[in-house]
There are 2 protein chains.
Amino acid sequence: MEIVTLSRGVYEANCPTRHVLDVIADKWTTLIIGLLADGPRRFAELHRQIGGISQKMLTQTLRSLERDGLVQRTVYAQVPPRVEYALTPMGQTICEPLTALISWAEENIKAITDAQQRYAEASS
Amino acid sequence: MEIVTLSRGVYEANCPTRHVLDVIADKWTTLIIGLLADGPRRFAELHRQIGGISQKMLTQTLRSLERDGLVQRTVYAQVPPRVEYALTPMGQTICEPLTALISWAEENIKAITDAQQRYAEASS
DNA sequence: CCGTATCCTAATGGATACTG
DNA sequence: CAGTATCCATTAGGATACGG
């Protein structure tokens with residue numbers, strides 16, 4: 001198996017790439033992007049479809065994504081208000097590496113659970 | 001561009017895959033795995049090479065990785081003590097999706113910074 | 001050298017109530 | 001409907017000191 005070494009800069013304390021990684025390495029971000037990869041969604045749809053997210057965190061995460069240029073927020077001037085969230089072109093490019101990672105998680109969930117089991121037993 | 005939809009289960013509140021994602025979606029985990037992909041390291045090496053990590057967080061993150069079966073911890077019985085950390089076979093399999101994500105981050109750092117700039121100017 | 005233990009602060013994030 | 005505002009509990013995580 002070939003191993004790709006990361007660029008050195010990542011390991012320096014103030015590396016900007018680390019800031020970008022922090023953006024992605026978020027509990028909710030991954031899930032939101034995963035949903036939007038399927039097509040635009042309204043606020044309430046996202047809220048309903050993502051189990052356990054609070055309104056506050058949904059708003060906050062969407063704002064970050066918008067700020068970082070991964071998500072486009074569109075407000076339709078009507079009553080009641082209608083707001084749609086969609087991935088930007090840049091946002092779409094992250095889907096592939098992200099789904100690869102999630103696939104890995106799904107494929108290895110059992111192996112990891114087993115490892116945790118063994119670890120717990122070993123330290124008892 | 002083809003978009004892969006995530007499995008539905010991920011969006012349920014107590015989905016075990018989300019726990020696995022949380023494992024990876026950590027500030028330090030990514031960097032540690034990136035270093036170990038290159039070969040085994042000692043504690044002090046990791047501490048030196050990862051800028052800004054505290055001893056506490058390094059220990060904590062390494063324990064998690066060991067617990068999850070991604071990292072193998074080997075203690076050599078000698079004085080002064082020598083402890084080596086290496087990726088397990090499972091740990092190696094995550095390198096590819098992880099480096100893909102980090103590559104994405106490095107390729108898009110400028111676009112994201114620019115987007116943040118525009119966002120800040122628009123809201124002033 | 002490789003940790004653990006303790007203390008302490010800042011940030012996270014849920015619950016709830018209220019608004020255009 | 002799509003938020004904002006406020007309060008509050010929990011946690012994350014740095015600094016420091018100490019131990020095998």
Side-chain angles (χ1 to χ4, degrees), chain A residues 11-15 18-19 21-32 35-36 39-68 71-86 119 122-124, chain B residues 11-15 18-19 21-32 35-36 40-68 71-86 119 122-123:
Chain A
Y11 295 97
E12 279 150 37
N14 275 19
C15 169
R18 290 222 325 224
H19 290 47
L21 275 181
D22 289 353
V23 165
I24 308 160
D26 180 82
K27 189 180 179 182
W28 303 114
T29 305
T30 325
L31 298 172
I32 292 178
L35 277 178
L36 294 182
R41 299 285 148 99
R42 301 182 58 173
F43 185 88
E45 286 182 285
L46 292 169
H47 195 201
R48 192 170 356 97
Q49 297 190 54
I50 302 179
I53 193 172
S54 66
Q55 202 175 33
K56 179 183 176 179
M57 287 314 298
L58 182 54
T59 305
Q60 205 172 302
T61 310
L62 285 170
R63 286 290 171 283
S64 299
L65 287 170
E66 190 194 356
R67 194 181 101 101
D68 298 335
V71 160
Q72 168 74 39
R73 178 173 180 267
T74 312
V75 184
Y76 297 93
Q78 58 187 48
V79 180
R82 174 191 179 83
V83 181
E84 264 194 5
Y85 295 91
Y119 189 90
S123 49
S124 65
Chain B
Y11 295 98
E12 279 151 36
N14 276 19
C15 170
R18 286 217 332 219
H19 290 47
L21 275 180
D22 290 353
V23 165
I24 308 160
D26 178 84
K27 188 179 181 182
W28 304 115
T29 304
T30 324
L31 298 172
I32 292 178
L35 278 177
L36 294 182
R41 299 286 149 99
R42 300 183 58 174
F43 185 89
E45 286 181 286
L46 292 169
H47 196 202
R48 193 171 355 97
Q49 296 189 54
I50 303 179
I53 194 172
S54 65
Q55 201 178 32
K56 179 181 175 180
M57 287 314 296
L58 181 54
T59 305
Q60 205 172 98
T61 310
L62 285 170
R63 286 291 170 283
S64 300
L65 287 170
E66 190 194 356
R67 194 181 101 102
D68 298 336
V71 161
Q72 168 74 37
R73 178 173 181 266
T74 311
V75 184
Y76 297 93
Q78 58 187 48
V79 181
R82 172 192 179 83
V83 182
E84 263 194 7
Y85 295 91
Y119 189 90
S123 49

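Letters go in sequence order (proteins before strands), and every chain restarts at 1.
The CZ atom of A/Arg42 sits 4.5 Å away from the CZ atom of A/Arg82 when rounded to the nearest 0.5 Å. Atom CD1 of A/Ile32 and atom CD1 of A/Ile53 lie 4.5 Å apart (nearest 0.5 Å).
The nearest whole Å value for the distance from the OH atom in A/Tyr76 to the C1' atom in D/dG3 is 18 Å.
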How does protein reach along nucleotides 6-20 of chain D, written 5' to 3' as B (base within reach of a heavy atom under 4.0 Å), S (only sugar-phosphate), or - (no contact)? -B-----BBB----B
Show the atom names and distances, to 0.1 Å, of all donor-acceptor pairs under 3.5 Å that link a side chain in residues 60-67 of chain A to residues at least two apart or in another chain.
| unit_1 | atom_1 | unit_2 | atom_2 | d |
| --- | --- | --- | --- | --- |
| A/Thr61 | OG1 | A/Met57 | O | 2.6 |
| A/Ser64 | OG | A/Gln60 | O | 3.2 |

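Scanning DNA chain C 5' to 3' for nucleotides with an atom closer than 4.0 angstrom to a non-hydrogen atom of chain A gives a first and last hit of C/dG13 to C/dG20.
Taking only side-chain nitrogens and oxygens, A/Arg82 never comes nearer than 4.0 Å to OP1 or OP2 of D/dA2.
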Paired and unpaired positions of DNA chain D as dot-bracket, Watson-Crick or G-U wobble under 3.5 Å, | denoting a partner strand: ||||||||||||||||||.|
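In this structure, the side chain to side chain contact (heavy atoms under 4.5 Å, CB included) partners of A/Arg48, at least two apart in sequence or on a different chain, are A/Glu45. Residues that satisfy the salt bridge (charged side-chain N to carboxylate O under 4.0 Å, His left out) test with A/Arg41, not counting sequence neighbours, are A/Asp38.
Annotation: side chain of A/Asp68 is not in contact with side chain of B/Tyr119 (no heavy-atom distance under 4.5 Å). By the 4.5 Å heavy-atom criterion applied to side chains, A/Leu46 and A/Leu36 are counted as neighbours.
A/Tyr85 comes within contact range of the sugar-phosphate backbone alone, with a heavy-atom separation under 4.0 Å but no base atom that close.
When all heavy atoms are compared, the tightest approach of B/Val71 to B/Tyr85 is CG1-CD2, 3.9 Å. Of all heavy-atom pairs spanning B/His47 and B/Ser54, the tightest one is NE2-C, 4.1 Å. Of all heavy-atom pairs between A/Leu21 and B/Thr30, the closest is CD1-CG2, 4.4 Å.
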